[in-house]
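Below is one structure; the comments refer to it alone.
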Amino acid sequence: MKEIGVIIKERRKHLGVNQQTLADLAGVGLNTLVAIERGEGNPQLSTLLTILETLGLQVNINLKTLDYETM
């Protein structure tokens, strides 16, 4: 969560958007956004995806190989 929060914060600052504006654009609470940027809490995946989409970012998920799959 900490890494995602840092990425969101850096992108937001790069775009010159304050936290309140991003929260409004993404339709999330300001306290929720602040917590995410700090790497705190346990936000819903849909909330994270909405914020990332608003910032023009996306998530790539890579599945790791489990030990029993390589036997």
CG on Leu22 to OG1 on Thr54, rounded to 0.5 Å:
6.5 Å

Say you draw a straight line from CZ of Arg38 to NZ of Lys2; how long is it, rounded to the nearest 0.5 Å?
9.5 Å

Side-chain heavy atoms nearer than 4.5 Å, only ILVMFWY residues, links allowed to pass through others: does that put Ile51 and Ile61 together?
yes

Kindly state each residue pair satisfying salt bridge (Lys or Arg N to Asp or Glu O under 4.0 Å) with at least one member in residues 16-29, sequence neighbours excluded.
none

Rounded distance (nearest 0.5 Å) linking atom CD1 of Ile7 with atom CD1 of Ile36:
13.0 Å

Quick one: side-chain hydrogen bond (donor to acceptor under 3.5 Å, both in side chains) partners of Asn31, sequence neighbours excluded?
none

Tracing side-chain links under 4.5 Å among I, L, V, M, F, W and Y, which residues wind up in one group with Val34?
Leu30

When you group the ILVMFWY residues by side-chain heavy-atom contacts below 4.5 Å and let the links chain together, are Val28 and Met1 in the same group?
yes

All salt bridge (charged side-chain N to carboxylate O under 4.0 Å, His left out) counterparts of Arg12, not counting sequence neighbours:
Glu37

Crowding at CD, Glu53 (>12 non-hydrogen neighbours, <6.0 Å):
no

Partners passing side-chain hydrogen bond (donor to acceptor under 3.5 Å, both in side chains) against Thr50 (at least two apart in sequence or in another chain)
none

Interatomic spacing from CG in Leu15 to CZ in Arg11 - rounded to 0.5 Å:
4.5 Å

Same cluster or not: Leu25 versus Leu52, using hydrophobic residues (I, L, V, M, F, W, Y) connected whenever any side-chain heavy atoms lie under 4.5 Å apart?
no

To the nearest 0.5 Å, what is the distance between CD (Glu10) and CG (Leu57)?
10.5 Å

Linking directly or through intermediates, with side-chain heavy atoms under 4.5 Å: list the remaining ILVMFWY members grouped with Val6, chain and number order.
none

